[in-house]
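Here's the structure we're looking at; comments come further down.
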Amino acid sequence: MSKYKNIVILTGAGISAESGLATFRDEEGLWNKHKVEDVATIEGFARNPDYVHDFYNEMKKELIDVKPNKAHLAITELQKNYPADISVITQNVDTLHEKAGNENVYHIHGQINQAVCMNCGNVIATWDDVTTEDICQNCGVLGMFKPNIVFFGESLLCMNKVDELLRKCDLFISIGTSGVVFPANTFVRTAKYHHAETIEFNLKSTANNYDFDKHIIGKAGETFPQYVKDLISCE
Ligand code: NAD
Ligand code: ZN
């Protein structure tokens, strides 16, 4: 009998930092070079869809060849070698979890290699540029694709599933998220309320400090693989 039956791993920009991606609040972060209201709101997109498509097409080019790091790979190890249902809820729009072979990944903020037709809801996956010239193969309407990235003011994706997972989990692990972005910063409380053990991996203690039973401070690419090794060897 394994100690945990249902494990949820929440990840944020910090898990991808060691793959060379800037985190949100980094001075070098992509977001700091553009106004959020221009590139990450529905109003900005309505005002200038070409500008917004250019921004995400550019981001896509930056992300296409980025490799997962040891923390992403350790999740695959855990999923393969620990007898529990293990899901990943990520705020990241990169696809490093998939590249690492992680399964049961839920992208609550969307993902960079997808676009959604605002006319019919058709979601397409592509690493090519998406533009206002594209026609939806499902409904035949021109110029209605939006990057499948959740903009400010939009609902998050997969939230029914996320809620179900949080209520059921007996171990909640958070990796590399600052705990300031709503609603992901409330997930730990839901899990805890339903009696999960809670553990955080971060470079420093975060805004959610008091919600975690345990804090493991350091680079996730170093601390998390060790934790996974210990967890598997306890079985
Ligand atoms: P954040 O940038 O607000 O916080 C990142 C956290 O990771 C910080 O607490 C930092 O201390 C920690 N961290 C940095 N390097 C680390 C490492 N090597 N090991 C462990 N922890 C480390 O990120 P957030 O909480 O995810 O919120 C930012 C928002 O920006 C999210 O909504 C996300 O969608 C978006 N974003 C995504 C990406 C991506 O897809 N890779 C990158 C930047 C921003
Ligand atoms: Zn369509």
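Source: prediction; values computed, not measured. Just follow the structure's listing: the first ligand is 1, and inside any ligand the first atom is 1.
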Closest to atom 6 (C) of ligand 1 (judged by heavy-atom distance), picking from Ala184, Gly179, Ala17, Gly176: Gly176

N or O contact, Ala13 vs ligand 1, cut-off under 3.5 Å: yes

Centroid-centroid distance, His53 to Phe145, less than 6.0 Å: no

Under 3.5 Å: N/O of Val181 near N/O of ligand 1: no

Any N or O of Gln91 closer than 3.5 Å to N or O of ligand 1: yes

Residue-ligand contact Ala71/ligand 1, heavy atom below 4.0 Å: no

Whether His107 side chain and Asn92 backbone form a donor-acceptor pair below 3.5 Å: yes

The Zn ion (ligand 2): angle it makes with SG (Cys136) and SG (Cys117), nearest 10 degrees: 110°

Option nearest atom 18 (N) of ligand 1 (shortest heavy-atom distance, choices Glu18, His107, Gln111): Glu18

Heteroatom proximity flag, His109 to ligand 1, N/O under 3.5 Å: yes

Lys146 to Phe151 six-membered ring, cation-pi geometry met (6.0 Å, 45°): yes

Expected output: side-chain Asp213 to main-chain Thr198 donor-acceptor under 3.5 Å: yes

